[in-house]
Amino acid sequence: MSRPVTFVPPSGARAYRLETARGQFAVIDAGGPVKGTALLLPGFTGSKEDFISLHEPLAAAGYRTVAVDGRGQYETPGPQDDETPYAQGELAQDVLAQLDALATGPEDRFHLVGHSFGGQVARAAVLLEPARFRSLTLVSSGPAEISPSQQQRVKLLRDALAVMDMAQVWEAIRALDDPPEDAEGELDSGLDAGLDDLEVLRRRWLGNSPAQLIAAGRQLCEEPDRVHELAALRLPVHVLSGEIDDTWPVPLLDDMAVRLGAHRTVVRGAEHSPNTDRPRETAGALAAFWDQVG
């Protein structure tokens, strides 16, 4: 299903460490702010590279895109044993600090995109300071906790991390006869994310903080429904997904879009990660929404 994606930034993109008041964050930054700037937040076990095929088409459409590894994700360091810095409120404050670092003036407002778990963090950031944003796009990210089947997978991962180190968990995942199919993996460390080089994937997995994975997994399983709070902001919202999703069923995403009065896109031929499954179509939908928002 997923098309191959590499960890090499596309032409015109820069990989660097963004200095913020809350520490450094690894980013891939592409395009110029002709029409606007978007910050892209990856999902559970994912990284900034999950958006790598979106940068070129969105730059061509006139948008600067900055994809970021959150605290404890891949190339952004974070505590290995302490879950406290990975509380949702802390991650939301990280997002606001990233915007401060990217802003060229006090009036700058940003488009925010969150994939799956990144959508939960994005929603939390918007609820903290809605005036900072032009729009919010939730990519395959639902109204509350993940589906029961995915909760079981996340619990297995959390249990494994309690008794094994990251390398041992990687080997256990690789040994599974039927690895999970969703691109951000709830359990699969990105094995089906359209990223072909297993050694690169292993390096990404080992770059994650165990505490971050445990904390994020708990949040995925316990997230409350805050759709009414988001709807009350009257911020332009875009609900984008593939046509198949086991993490949050597509009808649930349809209903959330109605409750939000949101723009809705279903990317044909895509599953939980349309940004890797169908990047051109996903980029086109994002650009069209941002153009409409202005």
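Within the 4.5 Å cutoff, no side-chain heavy atoms of L198 are placed close to those of V200. The shortest side-chain heavy-atom distance between S135 and L112 does not fall under the 4.5 Å cut-off. Between D254 and M256, every side-chain heavy-atom pair lies at or beyond the 4.5 Å cut-off. Counting heavy atoms from C-beta outward, L136 and L230 have side chains that approach closer than 4.5 Å. Taking 4.5 Å as the limit, every side-chain heavy atom of L40 sits out of range of all side-chain heavy atoms of V68. In this structure the side chain of R153 never reaches within 4.5 angstrom of the side chain of I146, judged on heavy atoms. Residues E271 and D245 have side chains not in contact (no heavy-atom distance under 4.5 Å, counting atoms from C-beta outward). Residues F25 and Y16 form no side-chain contact, since every pair of their non-hydrogen atoms from C-beta on lies 4.5 Å or further apart.
T20 OG1 to Q93 CD: the interatomic distance, rounded to the nearest 0.5 Å, is 11.0 Å. Here OG1 of T45 is found 8.0 Å from CD1 of I173. Values are rounded to the nearest 0.5 Å. The CG atom of L127 sits 9.5 Å away from the CZ atom of F133 when rounded to the nearest 0.5 Å. Distance check: H55 NE2 to T65 OG1 gives 4.5 Å after rounding to the nearest 0.5 Å. Between atom CZ of residue R158 and atom CD of residue Q151 there is a gap of 9.5 Å, rounded to the nearest 0.5 Å. Summarising the geometry, atom CG belonging to L41 is positioned 12.0 Å from atom CG belonging to D50; distances are rounded to the nearest 0.5 Å.
Transitive grouping of hydrophobic side chains (ILVMFWY, heavy atoms separated by less than 4.5 Å) keeps F117 and V139 in distinct clusters. Under the 4.5 Å side-chain heavy-atom criterion for ILVMFWY residues, a single connected hydrophobic cluster contains both V27 and L91. Using a 4.5 Å cut-off between side-chain heavy atoms of Ile, Leu, Val, Met, Phe, Trp and Tyr, with links allowed through other members, V250 and V267 fall into different hydrophobic clusters. Follow the hydrophobic side-chain contacts under 4.5 Å out from V113 and you never reach L253; the two are in separate clusters. Linking ILVMFWY side-chain heavy atoms closer than 4.5 Å, directly or via other members, places V258 and V266 in two distinct hydrophobic clusters.
D94 and Y86 share no side-chain donor-acceptor pair at under 3.5 Å. The closest side-chain donor-acceptor pair between T104 and D108 falls under 3.5 angstrom. The closest side-chain donor-acceptor pair between Q150 and E145, if any, does not fall under 3.5 angstrom.
Using a 4.0 Å cut-off between charged side-chain N and carboxylate O, R22 and E90 make a salt bridge. A salt bridge is defined here as a Lys NZ or Arg NE, NH1 or NH2 lying under 4.0 Å from an Asp or Glu carboxylate O, and R17 with E75 fails to meet this definition. A salt bridge links E229 with R226: the closest approach of a Lys/Arg side-chain nitrogen to an acidic carboxylate oxygen falls below 4.0 angstrom. Salt bridge status for D225 with R259: present, with a side-chain N to carboxylate O gap under 4.0 Å. A salt bridge does not link E199 to R204: none of the charged nitrogens lies less than 4.0 Å from a carboxylate oxygen.
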Please walk me through it: do M164 and E171 pass side-chain contact (heavy atoms from CB on, under 4.5 Å)?
-> CA-CA 10 Å; M164 293 187 283; E171 293 304 325; over 6 Å; no
How far apart are the C-alpha atoms of Q24 and L18, what are their side-chain angles, what is the distance that settles it, and do they pass the side-chain contact (heavy atoms from CB on, under 4.5 Å) test?
-> CA-CA 5 Å; Q24 292 185 340; L18 179 70; over 6 Å; no
Salt bridge (charged side-chain N to carboxylate O under 4.0 Å, His left out) between E129 and R132, intermediate numbers included = CA-CA 6 Å; E129 293 194 22; R132 302 291 303 276; 3.5 Å; yes
Apply the test side-chain contact (heavy atoms from CB on, under 4.5 Å) to residues L201 and W170: give CA-CA distance (whole Å), side-chain angles for both, the deciding distance (0.1 Å), then the verdict.
-> CA-CA 10 Å; L201 289 171; W170 169 266; 3.8 Å; yes
Stepwise, does the side-chain contact (heavy atoms from CB on, under 4.5 Å) test hold for R278 with R268?
-> CA-CA 8 Å; R278 294 289 185 268; R268 301 302 173 191; over 6 Å; no
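In plain terms, the two heavy atoms of V293 and P236 that are nearest each other are CG2-CB, 3.7 Å. The two residues R71 and P85 make their nearest non-hydrogen contact at CD-O, 3.6 Å. Among all heavy-atom pairs drawn from A285 and L240, the shortest one is CB-CD1, 3.9 Å. Contact between H111 and W290 at its shortest, heavy atoms only, is ND1-CD1, 3.4 Å. The shortest non-hydrogen separation linking A262 to V239 is CB-CG2, 3.9 Å. When every heavy atom of Q80 is checked against every heavy atom of P210, the shortest pair comes out as OE1-CD, 3.2 Å.
Remark: side-chain polar atoms of D69 are not paired, donor with acceptor, to backbone N or O of S47 under 3.5 angstrom. Remark: side-chain polar atoms of T76 are not paired, donor with acceptor, to backbone N or O of G72 under 3.5 angstrom. A donor-acceptor contact shorter than 3.5 Å links the side chain of N208 to the backbone of Y74. Using modelled atom types, one side-chain atom of K35 and one backbone atom of A61 make a donor-acceptor pair closer than 3.5 Å. Between the S241 side chain and the S140 main chain, no donor and acceptor come within less than 3.5 Å of each other. Of the possible polar contacts, none joining the E223 side chain to the C221 backbone as a donor-acceptor pair under 3.5 Å is found. Looking only at distances, no side-chain donor or acceptor of Q120 sits under 3.5 Å from a matching main-chain atom of Q88. Side-chain atoms of W248 never come within 3.5 Å of backbone atoms of S147 as a donor-acceptor pair (strictly under, hydrogens ignored). Remark: side-chain polar atoms of S141 are not paired, donor with acceptor, to backbone N or O of L138 under 3.5 angstrom. Although no hydrogens or angles enter the test, the distance criterion places no donor-acceptor pair under 3.5 Å between the side chain of S53 and the main chain of P279.
Classification of the H272-H115 ring pair by plane angle, with boundaries at 30° and 60°, yields tilted. Ring pair H238/F289 is tilted by interplanar angle, where 30° to 60° counts as tilted.
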